[in-house]
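Heads up, the thing below is written out as structure tokens.
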2 protein chains.
Amino acid sequence: MRTISDTIEKFLLDNFSNEELELSRNELADFFGCVPSQINYVLSTRFTLDKGYIVDSQRGGGGYVKIKKINIDDKFKDIIFERIGNNIDYNSACCILDNLCRNGKISEEQKVCITSAIEPKALKTPFLIENDLRAKILKNILYKIYN
Amino acid sequence: MRTISDTIEKFLLDNFSNEELELSRNELADFFGCVPSQINYVLSTRFTLDKGYIVDSQRGGGGYVKIKKINIDDKFKDIIFERIGNNIDYNSACCILDNLCRNGKISEEQKVCITSAIEPKALKTPFLIENDLRAKILKNILYKIYN
DNA sequence: ATATAACAAAAGTCAAAGATAGTCAAATTA
DNA sequence: TAATTTGACTATCTTTGACTTTTGTTATAT
């Protein structure tokens, strides 16, 4: 544990009680004598989806930051990381969804819904980011389903 | 419950007896030691149509605020009719029908029937009113089915 | 009696102030 | 060079209060 970020990470991990941890960004920053955005840095580098965490937050009075640990089986993780990656075309995505559906990981209804969300026409922008967007959306939905 | 708004929301939810709750805005504000408009804030952020509530009120002497929990079907109807609006293209209509069917709101048979009724070739006229016609017909049929 | 005016008793609106959290890039450090 | 630290600026949610609108009641004039 060398950096402030490492210290904060350890502190958070130590205080994980039951798969979920809630905190105040400003208070935590105060506690460690750092600027609030340092907390964001820790969250975005240490508590990422890829490492099995979902971060949820709210601004304004009574605001908070929640960190949730998610549990998914390794096979599923494999699919997420190796097959989806950081960008994926529509047809490949459909194949994955078909597979998940056949294996009972998602329902037919869910498949339809997800498919609609990642259809090319839904992701058309003036920029060349369709496949990147699709990968992010797809991973996010699947994580939510399995959370 | 971290904010006053959250507390008031919980209080209201806890006091929901039979699908409807009537209250005095000023008395409630007094009870929680907040300004009356705070009640409006809670109502407009926590008891929205989206979340299945309808808020009704009256000013003046004997004024009141009523919160009604609407059943899913009512909510569903509202959303559907709002989405159809005064004109709708064939594909959107089909999406809605697919949705209704998937959600068990209409049968497969009804879907086939309605679809035939609003097909482009069925609504061809020399005027540019295809989408307007379709909306009227669609709403009329659904209205019949639901009432 | 009836219409009207004045007042009182609600609820509504809206914008400012307060309280958090997020973003992004420059500066620093390992 | 890459990761970390910092802070100025932004976005969002909540709280508050002054001002407005609506409704019911009571007094007054006809």
Side-chain angles (χ1 to χ4, degrees), chain A residues 1-16 20-51 53-68 86 125 127 129 132-133 136-137 139-140 143-144, chain B residues 1-16 20-51 53-68:
Chain A
M1 294 297 139
R2 310 278 305 295
T3 64
I4 295 182
S5 290
D6 288 333
T7 307
I8 294 172
E9 177 190 12
K10 185 169 188 311
F11 176 80
L12 292 177
L13 288 174
D14 286 347
N15 282 280
F16 245 95
E20 176 161 335
L21 182 57
E22 181 169 340
L23 56 99
S24 148
R25 188 185 75 144
N26 287 349
E27 280 179 21
L28 190 59
D30 252 20
F31 184 70
F32 284 104
C34 64
V35 295
S37 58
Q38 177 94 47
I39 307 303
N40 295 83
Y41 178 72
V42 173
L43 292 174
S44 65
T45 55
R46 271 61 169 187
F47 294 86
T48 60
L49 263 187
D50 289 5
K51 289 177 182 159
Y53 297 95
I54 282 183
V55 176
D56 180 26
S57 69
Q58 183 165 337
R59 309 182 185 193
Y64 60 84
V65 173
K66 265 188 219 162
I67 309 174
K68 275 182 274 189
N86 289 323
T125 75
F127 312 108
I129 55 171
D132 304 66
L133 263 179
K136 283 208 306 193
I137 294 170
K139 284 195 285 188
N140 202 49
Y143 268 118
K144 284 275 164 58
Chain B
M1 295 301 127
R2 39 193 145 242
T3 63
I4 294 182
S5 291
D6 289 334
T7 307
I8 295 172
E9 177 190 13
K10 185 168 188 310
F11 177 80
L12 292 176
L13 288 173
D14 286 348
N15 283 281
F16 245 96
E20 176 160 336
L21 184 57
E22 182 169 344
L23 56 99
S24 147
R25 189 185 74 144
N26 286 349
E27 280 179 21
L28 189 58
D30 252 20
F31 183 71
F32 283 105
C34 65
V35 294
S37 58
Q38 177 95 47
I39 307 301
N40 295 82
Y41 178 71
V42 173
L43 292 174
S44 67
T45 55
R46 302 343 202 227
F47 294 87
T48 59
L49 187 64
D50 224 39
K51 290 176 180 159
Y53 297 95
I54 283 183
V55 176
D56 179 28
S57 68
Q58 184 165 338
R59 310 184 184 193
Y64 60 81
V65 173
K66 265 189 217 161
I67 309 174
K68 274 181 275 191

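Each chain gets a letter, A, B and so on, in the order the sequences are listed, and its residues count up from 1.
- The CG-P distance, from A:N40 to D:dA3, rounds to 18 Å in whole Å.
- The ring-ring contact (aromatic ring centres under 6.0 Å, His included) check on A:F47 picks up A:Y53, with sequence neighbours excluded.
- If you measure from atom CZ of B:R25 to atom C1' of D:dT20, you get 11 Å, rounded to the nearest angstrom.
- Side-chain atoms of B:S57 lie closest to C:dG12 of the nucleotides C:dG12, C:dG22, D:dT16.
- A sub-4.0 Å separation between OP1 or OP2 of D:dT15 and a side-chain N or O of B:Y41 is absent.
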Check nucleotides 23-28 of chain D for protein N or O atoms closer than 3.5 Å to its own N or O atoms and list the pairs.
from   : atom 1 : to    : atom 2 : distance (Å)
D:dT23 : O3'    : B:Q58 : NE2    : 3.0
D:dG24 : OP1    : B:Q58 : NE2    : 3.2

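- Going from atom CD1 of B:I39 over to atom P of C:dA11 covers 10 Å, rounded to whole Å.
- Between A:N26 and the phosphate of C:dA21, there is a side-chain N or O to OP1/OP2 separation shorter than 4.0 Å.
- Across the protein-nucleic acid pair, B:Q38 atom CD and C:dT13 atom P stand 16 Å apart, rounded to whole Å.
- Among all heavy-atom pairs drawn from A:L21 and A:L12, the shortest one is CD2-O, 3.4 Å.
- B:S44 places a side-chain N or O within 3.5 Å of a backbone atom of B:Y41 that can act as its donor or acceptor partner.
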Could you list all N or O pairs between the protein and nucleotides 25-30 of chain C that sit under 3.5 Å apart?
none

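- The list of salt bridge (Lys or Arg N to Asp or Glu O under 4.0 Å) pairs with a residue in residues 32-49 of chain B, not counting sequence neighbours, reads B:D6-B:R46, B:E9-B:R46.
- Close to C:dA10, at under 4.0 Å from its OP1 or OP2, lies no side-chain N or O of B:S24.
- Annotation for A:C34 and A:I8: closest pair SG-CD1, 4.1 Å, computed over non-hydrogen atoms.
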Legend entry - Chi angles and distances behind the side-chain contact (heavy atoms from CB on, under 4.5 Å) call for B:L43, B:V65: CA-CA 10 Å; B:L43 292 174; B:V65 173; 3.7 Å; yes
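- One can place CD of B:E22 at 10 Å from P of C:dA11, the figure rounded to the nearest angstrom.
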Determine all donor-acceptor pairs shorter than 3.5 Å in which one atom belongs to a side chain in residues 22-30 of chain A; sequence neighbours excluded.
from  : atom 1 : to    : atom 2 : distance (Å)
A:E22 : OE2    : B:R2  : NH1    : 2.1
A:S24 : OG     : A:E27 : N      : 3.1
A:R25 : NH1    : A:N40 : OD1    : 2.7

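- In this structure, the CG atom of A:D30 is 11 Å from the P atom of C:dT20, given to the nearest Å.
- Here A:I4 lies in heavy-atom contact (under 4.0 Å) with sugar-phosphate atoms only.
- For A:F32, the ring-ring contact (aromatic ring centres under 6.0 Å, His included) partners are A:F11, not counting sequence neighbours.
- The separation between A:L43 atom CG and D:dT4 atom P is 14 Å, rounded to whole Å.
- With hydrogens and angles ignored, the 3.5 Å screen pairs no side-chain donor or acceptor of A:K66 with any backbone N or O of A:Q58.
- Remark: C1' of C:dA10 and NZ of B:K66 are 15 Å apart, rounded to the nearest angstrom.
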